[in-house]
Amino acid sequence: MLWVGMKQKTLEDLFDSFLSKQSFFISKQALQDTYTPDTVPHRNEQINQLAAILAPGLRGDRPSNVFIYGKTGTGKTLVSKFVCQELESKAIKQNTSLKTLYMNCKMEKINTPYRLLARFLSFIDIEVPPTGLPTDEIYKIFLREINKVGGVFTLVLDEIDTLVETDVLYNLTRINTELTNAKISIIGISNDLNFTNNLDPRIKSSLSEEELVFPPYNAIQIQDILLDRAKIALSPTSIGEGTIAKCSALAAQEHGDVRRALDLLRVACEIAERNVDIKVNEEHVDEAMRKIDIDRVVEIVKTQPRQSQIVLYSIIYLKELNKNEVATGEVFEVYHNLCKQIGLVPLTQRRVSDLISELDMLGVINSLVVSKGRYGRTRKIKLDMTPVALEKTSEILRGELL
DNA sequence: CTTCCACAGGAAGGTCTGGCGG
DNA sequence: CCGCCAGACCTTCCTGTGGAAG
């Protein structure tokens with residue numbers, strides 16, 4: 001698929017033409033989302049607001065807690081990191097004891113008080129075992145050490161949504177009352193705009209003393225940002241007419257997600273480079289779009305535990321019988337038979353129901369609870385992937401399971 | 001209007017793994 | 001080695017419920 005448009009050549013020809021061509025990339029990192037640019041365009045307002053909220057930390061006062069909302073790729077993480085960096089360097093200059101600490105709750109799997117405290121402690125160079133100790137033991141260590149170090153701490157909790165089920169947030173809001181020598185303020189970042197709706201009102205009012213909303217970027221802004229990055233990342237001769245505009249337009253359609261635009265451009269370049277084409281053009285972007293989608297699905301499917309894979313395969317199996325929308329009961333039945341065939345002990349329907357929810361959250365299926373009146377209440381379950389991705393998934397699962 | 005289906009999804013608790021300090 | 005701990009993963013038991021059928 002990646003070799004679309006390439007005629008049959010000898011390998012020697014291929015290598016020659018590859019070498020004779022300048023690489024598309026000057027610095028690929030600039031298109032990756034780990035990259036932190038020197039400036040953050042179109043986010044001045046948010047930067048200033050956040051800086052104003054955090055500034056009291058420079059006088060040794062505890063800044064208000066902040067809640068930041070905005071969809072993915074709207075610059076929340078970037079702005080937070082940027083402001084924190086500036087704040088810290090200012091603090092160092094004037095010799096204030098102020099530290100900022102960033103953690104991504106989802107990626108670092110910080111979903112229990114224990115882990116949050118452990119992570120915090122490792123930040124001030126105290127290592128504690130990852131498990132084994134009682135939580136209140138860790139808490140005691142935490143209080144002791146944090147008071148020893150002292151000063152103002154600004155804690156950035158990215159993707160704070162993952163903490164909502166647990167009592168982490170509640171404990172966090174109370175932590176300051178136990179501190180004698182240190183002050184902690186919290187920046188919570190969420191891409192779920194309704195996040196605080198189902199939050200305990202006390203936690204809500206405490207955590208969102210201030211709120212910032214990051215609106216999506218529009219197509220022009222995305223293009224602007226993309227051009228900036230492309231200047232750093234790519235050789236100018238390699239970018240075809242309209243390529244950047246197309247990436248921007250597609251990302252703007254999505255929901256103003258810059259990360260998406262950057263991914264599109266980067267993958268499009270990789271495809272073009274592999275094809276030994278001269279420039280990245282709009283077709284490469286289309287191809288990139290497909291590839292990103294497939295890669296996403298494949299990655300999820302592969303890393304799913306066996307039982308979950310069987311559940312997904314059951315849904316695919318039903319789809320192949322031309323049943324587009326299926327109910328939980330049907331899936332469970334197929335799943336049950338499949339387990340027996342493979343020789344695995346099947347899980348209960350209760351558990352399978354949860355697995356279906358998880359697959360829904362991962363975005364490989366779509367499920368909606370509907371009532372069919374007399375015929376009960378169940379989920380309508382649909383696959384949520386492109387035909388190509390579906391084919392690939394089916395292939396992988398068949399390989400893994402049978 | 002009531003009934004009643006086919007589940008959703010909460011609560012509590014069990015089992016297992018990996019790790020602790022003594 | 002022991003008793004204990006956190007956390008992942010499941011089971012059991014349970015109450016709740018939207019709306020077509022009667």
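Residue numbering restarts at 1 for every chain, and letters A, B, ... go by the order of the sequence lines. For the numbers below, each heavy atom of this structure counts, side chains included, while hydrogens, waters and symmetry mates do not.
Atom-to-atom, NZ of A/Lys380 to P of B/dA6 comes out at 17 Å; the value is rounded to the nearest Å. One atom, CG of A/Leu368, and another, C1' of B/dA8, lie 13 Å apart when rounded to the nearest Å. Rounded to a whole Å, the CG atom of A/Leu355 is 13 Å from the C1' atom of C/dT11. For A/Ile138 and C/dA6, the CD1 to C1' distance is 10 Å, given to the nearest whole Å. Distance CD1 (A/Ile110) to C1' (C/dG7): 15 Å, rounded to an integer number of Å. Rounded to whole angstrom, the span from the CD atom of A/Gln349 across to the C1' atom of B/dA8 amounts to 10 Å. When rounded to the nearest whole Å, the span between NZ of A/Lys140 and P of C/dC5 equals 12 Å. At whole-Å resolution of the value, OH in A/Tyr114 and P in C/dC5 are 12 Å apart.
Using a 4.0 Å cut-off between charged side-chain N and carboxylate O, A/Asp158 and A/Lys76 make no salt bridge. Under the 4.0 Å criterion applied to side-chain N and carboxylate O atoms, A/Asp293 and A/Arg296 are assigned as salt-bridge partners. A salt bridge is absent between A/Arg259 and A/Asp263; no separation between the charged side-chain nitrogens and carboxylate oxygens falls under 4.0 Å.
The residue A/Glu137 sits apart from the nucleic acid: no heavy atom pair falls under 4.0 Å.
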What string of B, S and - do you get for nucleotides 12-22 of chain C, 5' to 3', if B is base contact, S is sugar-phosphate-only contact and - is no contact with any protein heavy atom under 4.0 Å?
BB---BBBBS-
For each nucleotide in nucleotides 12-22 of chain B, reading 5' to 3', give B when a protein heavy atom comes within less than 4.0 Å of its base, S when such contact involves only the sugar-phosphate, and - otherwise.
------BBSS-
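Contacts of A/Leu58 classified as side-chain contact (heavy atoms from CB on, under 4.5 Å), with partners at least two apart in sequence or in another chain: A/Leu87, A/Lys90, A/Ala91, A/Gln94, A/Leu98. Partners of A/Lys28 by salt bridge (charged side-chain N to carboxylate O under 4.0 Å, His left out), not counting sequence neighbours, listed by chain and number: A/Glu270. Remark: A/Glu283 engages no residue in a salt bridge (charged side-chain N to carboxylate O under 4.0 Å, His left out) (not counting sequence neighbours). Looking at residues two or more places apart in sequence or on another chain, you find a side-chain contact (heavy atoms from CB on, under 4.5 Å) between A/Ser190 and A/Phe67, A/Ile160, A/Asp161, A/Asp192, A/Phe195. Remark: A/Arg229 pairs with no residue by the salt bridge (charged side-chain N to carboxylate O under 4.0 Å, His left out) rule, at least two apart or across chains. Applying the side-chain contact (heavy atoms from CB on, under 4.5 Å) criterion to A/Glu320, with sequence neighbours excluded, gives A/Ile316, A/Ser394, A/Arg398. Applying the salt bridge (charged side-chain N to carboxylate O under 4.0 Å, His left out) criterion to A/Arg374, with sequence neighbours excluded, gives no partner residue.
In the region residues 312-337 of chain A, proximity to DNA chain B at under 4.0 angstrom, judged on heavy atoms, holds for A/Thr328, A/Gly329.
OP1 and OP2 of B/dA6 both lie 4.0 Å or more from every side-chain N or O belonging to A/Arg379. Residue A/Ser353 places at least one side-chain N or O closer than 4.0 Å to OP1 or OP2 of B/dA8.
Out of C/dC10, B/dG9, B/dC7, the shortest distance to the side chain of A/Gln307 is found at C/dC10.
Listed by first and then second residue, the ring pair (Phe, Tyr, Trp, His ring centres under 6.0 Å) pairs that reach into residues 82-119 of chain A come to none, sequence neighbours excluded. The side-chain hydrogen bond (donor to acceptor under 3.5 Å, both in side chains) contacts involving residues 30-42 of chain A comprise A/His42-A/Asp224, where partners must be two or more places apart or lie in separate chains.
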